[in-house]
Amino acid sequence: MPDLLDDLDRRGLIHDSTDRASLGARMAEGPITLYYGCDPTAPSLHIGNLIGLLLLGRFQDAGHRPIALAGGATGMVGDPSGRSEERNLLDDAALTANVAVIKEQMGRIVDLDAPGAALVDNRDWTGRLTLLEFLRDVGKHVTVNQMLARESVKARLESEHGISFTEFSYMLLQANDYLWLHDHHACDLQIGGSDQWGNILAGIDLVRRVRSDTVHGLCWPLLTAADGTKLGKTTGARVWLDARLTSPYAFFQHWMRTDDADLRRFLAQFTRLPMEEVEAAVAAHEEAPQRRLGQRALAEHVTTLVHGVAEANAAGEAAGVLFGGDPRQASAAALAVVAQEVPGTSLEAGEALSGGVELAPVLVRAGLAASLSDARRQLQHQGIAVNGAKAAPDRQLGPDDLLHGRWVLLRKGKRDWAVVDAGRSRAAHDSVGPPS
RNA sequence: GGGUCGGUGCCCGAGUGGCCAAAGGGAACUGGCUGUAAACCAGUCGGCAUUGCCUACGGAGGUUCAAAUCCUUCCCGGCCCA
């Protein structure tokens, strides 16, 4: 087994760390307890959180003890890091629901039932902390001068939006988490994205001041895709771990579309493949980039990790049908798989194929267009294909369009597919419309 | 609390009575070229309707034939003063 820190280095996962040598020495002594926290600001984690969870897993594999923290308390306050504006606060019910989802998702990626591992919610200890205790036990150890020096605070002070006292206090809550975990779980390492570095340092300082103990921090570079956009977004929207928000098929496709330039890094950071295999996969890919072997390997690994083997296979199979060749040649069984994976709709009452069905409203229902205007625009621009063949702007759906007597495949642009299912009632089938 | 400046479409940002659904940039979408990639070129980018209507420029009122643009008031923020 190679040295863990060296391995992380090769994967490009170490952006910054507290004294590397002493951290290495501490890890060599025996199992270290480390934590990674996610705030429940949305109803699901997204692929950006995957790095941290996987990292917990990497440490676990190396014999260390991971703690996943759901920020039930910090989520109420809102982290100003990387934010140009004040956050909107979530109400209690939404927060509680989000925490439940996040906990489940964390457990899916990391084995939190293993001995030494833990899943915690910082609301459990922060919720009962009184204001006076907080001011005396935490606030007293931190100078406002230091807090003002933090980049995230500075940026907000200079912006016209300002920063509320609530968000300004955020770093103290997170620092207190570290202290609490250090006290109760002997946690000596906190990991996070580089945007968390300031918060992590605040915790390390607090532990040193209050307990005179040296604890560690490690952060990975905040990911951006090769084109400079923030990671975790496809077509402007986040890629969620929740299958209801991002279907396994869409999830799979997100990775299939990875830029060649990002392949090595993503394989290294989003999969548990040994680095030798990552290098081999990249080398194989570069032999014949047009075969997209690297993207496929990446998509299969990550989708399996998040949604399981069965879903990953189904998504891959559906992609094979859609991108393989002429969908009119596909078997009924293959189309059934596609219909499961791709967004879909069915015919409305009153829409009879024999009479010809207007395409635009169907595109909207299937989620391929945002509005009728948008749908018409796409048709006008030759952006829509029916069963793989470009559709004229006045194209209507008729009985001859049914594949295997049941399905019509619609495509927008090169890669967005949807299926019209004439064999099912609409109510049971609609599956469009995740939040943004 | 006082003064002052500001709140524009997904984001940034012009516009300061009609020619404004609102310049420009970014993002996004489609087409072309490709490898379900990148880069590049072209088009699109509030909604409904096939050249007309509706909804929009922080909220609510008002002035006017006509307001994102003027007035009143409320909410939110920056800066200065207390």
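None of the values given here were measured: they were computed from a predicted structure. Only this structure's heavy atoms are used, side chains among them; waters, hydrogens and symmetry mates stay out.
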Please work out if [X] contacts a base, only the sugar-phosphate, or nothing of the nucleic acid, heavy-atom cut-off 4.0 Å.
X	answer
A:R292	base
A:Q380	nothing
A:A319	base

Between [X] and [N], is there a side-chain N or O to OP1/OP2 distance below 4.0 Å?
X	N	answer
A:T258	B:A37	no
A:S371	B:C48	yes
A:R377	B:G46	no
A:K414	B:A37	yes
A:K390	B:G32	yes

Going by purine N1 to pyrimidine N3 plus the second Watson-Crick contact, or the G-U wobble pair, all under 3.5 Å, which nucleotide sits opposite [N]?
N	answer
B:G6	B:C76
B:A14	none
B:A22	none
B:C53	B:G47

For atom [atom1] of [X] and atom [atom2] of [N], their distance in whole Å:
X	N	atom1	atom2	answer
A:W255	B:A37	CH2	C1'	15 Å
A:R376	B:U44	CZ	C1'	16 Å
A:R257	B:U36	CZ	P	12 Å
A:E286	B:A38	CD	C1'	14 Å
A:K412	B:U36	NZ	C1'	14 Å
A:D262	B:A39	CG	P	11 Å
A:W417	B:U30	CH2	P	13 Å

Measure distances between side-chain N and O atoms of A:Q253 and base N and O atoms of B:U36, and say whether any donor-acceptor pair falls under 3.5 Å.
yes
Go nucleotide by nucleotide along RNA chain B from the 5' end; which of A:Q382 and A:A370 gets its closest nucleotide reached first?
A:Q382
No-hydrogen, no-angle side-chain donor-acceptor test under 3.5 Å, [X] and [Y]:
X	Y	value
A:Q190	A:Q196	no
A:Q295	A:D260	yes
A:W407	A:N387	no

Among B:U36, B:U44, B:G35, which nucleotide sits nearest the side chain of A:Q290?
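Out of B:U36, B:U44, B:G35, the nucleotide with an atom closest to A:Q290's side chain is B:G35.
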State which of B:G35, B:C29, B:G43 makes the closest approach to the side chain of A:Q378.
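That would be B:C29.
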C1' atoms of B:G18 and B:C5, separation to the nearest Å
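Pairwise C1' distance, B:G18 against B:C5, rounds to 28 Å.
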Using a cut-off of 6.0 Å, state whether more than 12 heavy atoms not belonging to A:R136 lie near its atom CZ.
no
For the pair A:R209 (side chain) and A:H141 (backbone), establish whether a donor and an acceptor sit closer than 3.5 Å, ignoring hydrogens and angles.
yes
Distance flag, aromatic centroids of A:F270 and A:W255, threshold under 6.0 Å:
yes
